[in-house]
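Have a look at the structure below, then the notes.
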Amino acid sequence: MALRMWASSTANALKLSTSASRSALASPAFSLARSFSTGIFAVLEGFKYASSHEWVKHDGPDHLGEVVFVELPEEGKSVSQGNSFGAVESVKATSDINSPISGEVVEVNTKLSESPGLINSSPYEDGWMIKVKPSNPSELESLMGAKEYTKFCEEEDASH
Amino acid sequence: MRVPRILEVWKMGVVNYSQALKLQEKLTSDRKLHKITDTLLSLQHPPTYTLGKRQTDHNILVSESELKAMGAELHYTQRGGDVTFHGPHQAILYPIISLRDIGIGARKYVEKLELTMIELASLYGLKACAGQKGETGVWVGRRKIGAIGVRISSGITSHGLAFNVDPDLNYFKHIVPCGIADKEVTSLQKEVQQILLPPEEVIVEQLISCYVRTFDYTDVVSKDISSISLDN
């Protein structure tokens, strides 16, 4: 089993959980566990995620302002790494949200259509957006590990 | 030594909404691929009503055919924000810029667009301010002088701001502007009243300068596009 630890620092990191134990994930560190039988379910939160190819250090819930609208795909739809799967709106700005992995949307958080503000108030718990069954687990290899991620954040912060 | 930041300004005259959208899509894609630098479109639209991604068409108070009879178009867009009107003598800026390059998020970006318009208004002695929570835009008292609606895709912005220099404010009567029912829309001309404003091109130049300053560019390249066809 390959495990990666994610640093949460300034960002909502990609949160990955097995279908069995979502409660095993506690902030601030999240662990990715590869389960051979069920694949990996990715719970994407907020808009920051890590990828070695397309690093998006952009809006976290505090950077976005209050979210007033969330557009999410339907279950069964496929998403692909680096491409938009939905959008959020706050302060008169709609931001496309890009998927860090490719796969099939297996569940959509329907609470968000009535309560888009969950993304602000509960980014690590109730503000999750979609669950994706990865179609290409090797994509996960390319996502940054925590050490690289923290160093990346430090470098980014230093350059502004 | 400061990192150079170059802005290319396209001065475009009156541009049909669809054409402007198509152009922004192309520029957004080019900017994403680092083929171009930050680009600012400065233009006006013929009478056009637009809706944002939430499609709040309950805030349009007349039918689409009545709008057409007035000589206006209606467009559904992907930008944030509610319904608004664009028309001649309203100065529009569409920045197609990379937010990641300057390390800001959507909220800060919108604040800076507000500041841009607030600064312009202050050149005319007007004390404008950003809206209260949920009322993004630029206000003089309870009257809205500037509107904002943006789209961010992979960190690249499109759409932008609209500043009322002297548009026909009657057009706003047919909508609930930005979904805010109990406040008026105003313009620079209406606020300065008897004072004679300089020619519009001067005011637009000032708006662009306010933008350049607020966003801290080191170099500006201007292109006069008004006479060039957009169909290429």
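On a predicted model such as this, the values are computed, not experimentally measured, just so you know. Order of the sequence lines sets the chain letters (A, B, ...), proteins ahead of strands, with each chain counted from 1.
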Examine whether an atom of R79(B) lies under 4.5 Å from a heavy atom of chain A, and if so say whether it belongs to the side chain, the backbone or both; otherwise answer neither. backbone
I'd like to know if R54(B) pairs up with E89(A) as an ion pair, taking the criterion as any Lys NZ or Arg NE/NH1/NH2 lying under 4.0 Å from an Asp or Glu carboxylate oxygen. yes
Spacing of E71(A) atom CD and Q78(B) atom CD [to the nearest 0.5 Å]: 6.5 Å
At their closest point, which heavy atom of A87(A) faces which heavy atom of K53(B), and how far apart are they? CB-CE, 3.5 Å
CD1-CG distance between I152(B) and D96(A), expressed to the nearest 0.5 angstrom: 9.0 Å
